[in-house]
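Predicted, not measured: the structure shown is a model, and the values here were computed from it.
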Amino acid sequence: MLKINYNYIKIIVLILLVGFLFAFSNQRNKNRIVGEPSIKFLGENKLFITESNVSKLLIQNLEPVSKQPKDIIDLNELESALKSNPMIKQAEVFMSVNGTLSAEIEQKRPIARVNTNASYYIDDEGGFMPLSYNYAARVPLVTGNIKKNKLQTVFQFAKIVDEDDFLKKHVIEIRQNDDNTIDFKIRKSDFTVHVGTLNQLEKKINNFKAFYQKAFKDQILDSYALVNLKFDKQVICTKK
């Protein structure tokens, strides 16, 4: 008479049970329905693009991701869709075990606003950024001879303005002339500042700061029509 080894039977039953539970859990997880996405904006709180706008970009198979099975969601495809939006600088999409979809969004940051035949922002990396219906940034206007595919010169100057506390406070308009030279205007004054090319720009800006402080102290800023910084060793002023 064969002796039954109940320990082996228990092990086999346990293996079958674990396998069944794993298969059941795996199938259930695949069929789990994704809920409404959780959207988090990183960095500044000024929203050029809204949560609603982001949700509309989270599309899979021409349908919103919410109420679709977790198993068919392609996170890389969703990230690519978000990054393709001209207001979004960076995006990451995550999926939790329970089917919660999360998106972390970093918006582009505008440093100047082109105001010519077309209106758009220049972002802090020199790229194109459309205007937002949701929020308007307080940045210098850019006028003159501007082409969307040739923003390098005006971007370089706008970047200097953005990074300098004095210029950021005072500069309200940047003009790129036909010869690619730069002019700018400041708040509460109607004279034009001619920078010329961007050669020796740091020295030119320091010269302007010294001029401004002296002219402001002497209360003679309003007597000038043009302040020329073209020559890096001196400031030449033209009176009205």
Nearest 0.5 angstrom please: Ile220 CD1 to Cys237 SG, how far?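 Taking CD1 in Ile220 and SG in Cys237, the distance rounds to 8.0 Å.
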
Distance-only, no hydrogens or angles: does the [X] side chain make a donor-acceptor pair with backbone N or O of [Y] under 3.5 Å?
X      : Y      : value
Ser119 : Asn115 : no
Glu104 : Glu92  : no
Thr100 : Ser96  : no
Glu106 : Gln90  : no
Lys108 : Phe128 : yes

Determine whether more than 12 heavy atoms belonging to other residues, nucleotides or ligands lie under 6.0 Å from atom [atom1] of [X].
X      : atom1 : answer
Lys209 : NZ    : yes
Lys83  : NZ    : yes
Asp165 : CG    : no
Glu202 : CD    : no

What residues form a side-chain hydrogen bond (donor to acceptor under 3.5 Å, both in side chains) with [X], not counting sequence neighbours?
X      : result
Lys169 : none
Asn149 : none
Gln156 : none
Thr153 : Asn180

Do you reckon [X] sits in the same ILVMFWY cluster as [Y], going by side-chain contacts under 4.5 Å, direct or chained?
X      : Y      : value
Val114 : Tyr135 : no
Leu131 : Ile111 : no
Phe41  : Ile88  : yes
Ile172 : Val139 : no
Leu229 : Ile174 : yes

Please step through side chain to side chain donor-acceptor pair (under 3.5 Å) for the pair Lys89 and Gln107, ending with a clear verdict. CA-CA 5 Å; Lys89 182 177 183 178; Gln107 301 175 107; over 6 Å; no

Name all residues meeting the ring-ring contact (aromatic ring centres under 6.0 Å, His included) criterion together with [X]; count only those two or more places apart in sequence or in a different chain, and write none if there are none.
X      : answer
Tyr212 : Phe166, His170, Phe216
Phe157 : Phe184
Phe155 : none

Salt-bridged, Arg109 to Asp123, with N to O below 4.0 Å?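 Judged by the 4.0 Å cut-off on N to carboxylate O distance, Arg109 and Asp123 do not form a salt bridge.
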
With no hydrogens and no angle check, just 3.5 Å: does a side-chain donor-acceptor pair link Asp179 and Thr181?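 There is such a pair (donor and acceptor under 3.5 Å, judged by atom type) between the side chains of Asp179 and Thr181.
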
Which residue pairs satisfy the salt bridge (Lys or Arg N to Asp or Glu O under 4.0 Å) criterion with at least one member in residues 127-141, sequence neighbours excluded?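 Passing the test, one end in residues 127-141: no pairs.
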
Identify, with sequence neighbours excluded, every residue that meets side chain to side chain contact (heavy atoms under 4.5 Å, CB included) alongside Ser84.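 Not a single residue meets the side chain to side chain contact (heavy atoms under 4.5 Å, CB included) criterion with Ser84.
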
Residues that Leu167 engages under side chain to side chain contact (heavy atoms under 4.5 Å, CB included), provided they are two or more places apart: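 For Leu167 the side chain to side chain contact (heavy atoms under 4.5 Å, CB included) partners, ignoring immediate neighbours, are Ile160, Val161, Asp164, Val171, Ile205.
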
Test: ring pair (Phe, Tyr, Trp, His ring centres under 6.0 Å). Region: residues 217-240. Which pairs qualify, not counting sequence neighbours?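 Checked against ring pair (Phe, Tyr, Trp, His ring centres under 6.0 Å) - neighbours excluded - the pairs reaching residues 217-240 are Phe211-Tyr224.
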
Please set out all donor-acceptor pairs under 3.5 angstrom arising from side-chain atoms of residues 189-201, sequence neighbours excluded.
from	atom 1	to	atom 2	distance (Å)
Asp190	OD1	Lys240	NZ	3.2
Asp190	OD2	Lys240	NZ	3.2
His194	ND1	Asp183	OD1	2.5
Thr197	OG1	Asn199	N	3.4
Thr197	OG1	Asn199	ND2	3.4

